[in-house]
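What follows is a set of notes on a single structure, which appears directly below.
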Amino acid sequence: MSVPTVVLDCRGQACPRPVIELGRHLGDVEIGEVIAVAADDVAAHHDVPAWARMRGQEFVGEVEAADGVPVYRIRRLS
């Protein structure tokens, strides 16, 4: 399992804020590294993988944080 280099805390932020933050911070990780976003907005379950596809990045998967919030992981490919 890929460990994220950066984890964005987007708890309490409504759609589309988590993907906006993801886009803003993708450059914070090197190509090949993983960035993650913790988001409790239910739309993120569909929005984050779709964002990764549209941006040519790899959606690595979803794990659960200690508090039960989904954490979506994306590997930067470009």
Side-chain angles (χ1 to χ4, degrees):
M1 188 173 311
S2 302
V3 177
T5 303
V6 172
V7 179
L8 305 172
D9 185 355
C10 293
R11 289 171 178 86
Q13 297 181 21
C15 174
R17 196 77 204 163
V19 291
I20 290 171
E21 289 302 312
L22 192 51
R24 286 184 57 218
H25 291 280
L26 184 64
D28 294 352
V29 300
E30 299 293 325
I31 292 173
E33 292 181 335
V34 174
I35 186 170
V37 59
D40 52 9
D41 181 51
V42 295
H45 180 76
H46 299 288
D47 291 350
V48 173
W51 178 90
R53 270 192 319 276
M54 290 187 303
R55 301 284 188 212
Q57 308 305 321
E58 178 188 357
F59 178 69
V60 178
E62 176 184 336
V63 296
E64 193 173 283
D67 62 358
V69 171
V71 179
Y72 305 96
R73 297 173 298 136
I74 294 90
R75 183 180 322 280
R76 182 177 174 197
L77 299 179
S78 61

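- With sequence neighbours left out, the side-chain contact (heavy atoms from CB on, under 4.5 Å) criterion links His45 to Glu62, Tyr72.
- Cluster annotation: Ile74 is not connected to Val71 through the hydrophobic network of ILVMFWY side chains, with a link wherever side-chain heavy atoms come within less than 4.5 Å.
- Glu58 pairs by the salt bridge (Lys or Arg N to Asp or Glu O under 4.0 Å) definition with Arg75, not counting sequence neighbours.
- In this structure, Ala14 and Pro18 approach most closely via the heavy-atom pair O-CD, 3.5 Å.
- Considering every non-hydrogen atom in both Ser78 and Gly56, the closest pair reads OG-O, 4.4 Å.
- Criterion: ILVMFWY side-chain heavy atoms under 4.5 Å apart, direct or through other members. Under it, Leu26 and Val37 are part of a common hydrophobic cluster.
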Under the side chain to side chain contact (heavy atoms under 4.5 Å, CB included) criterion, do Val29 and Val34 qualify, and how do the steps go? CA-CA 7 Å; Val29 300; Val34 174; over 6 Å; no
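- With sequence neighbours left out, the salt bridge (Lys or Arg N to Asp or Glu O under 4.0 Å) criterion links Arg11 to Asp9, Asp67.
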Between Arg76 and Ile35, does a side chain to side chain contact (heavy atoms under 4.5 Å, CB included) hold up when you go through it step by step? CA-CA 7 Å; Arg76 182 177 174 197; Ile35 186 170; 5.9 Å; no
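- Pairs engaging residues 21-50 under the salt bridge (charged side-chain N to carboxylate O under 4.0 Å, His left out) rule: Arg17-Glu21, Glu21-Arg24 [sequence neighbours left out].
- Hydrophobic cluster of Met54: no remaining members, since no ILVMFWY side chain lies below 4.5 Å from it.
- Hydrophobic clustering keeps Val19 apart from Val60 (ILVMFWY residues linked when any side-chain heavy atoms are closer than 4.5 Å, directly or through intermediates).
- A search for side-chain contact (heavy atoms from CB on, under 4.5 Å) contacts involving Arg55 returns Trp51, Gln57, not counting sequence neighbours.
- Val48 and Val7 are not part of a single hydrophobic cluster, where members link through side-chain heavy atoms under 4.5 Å apart.
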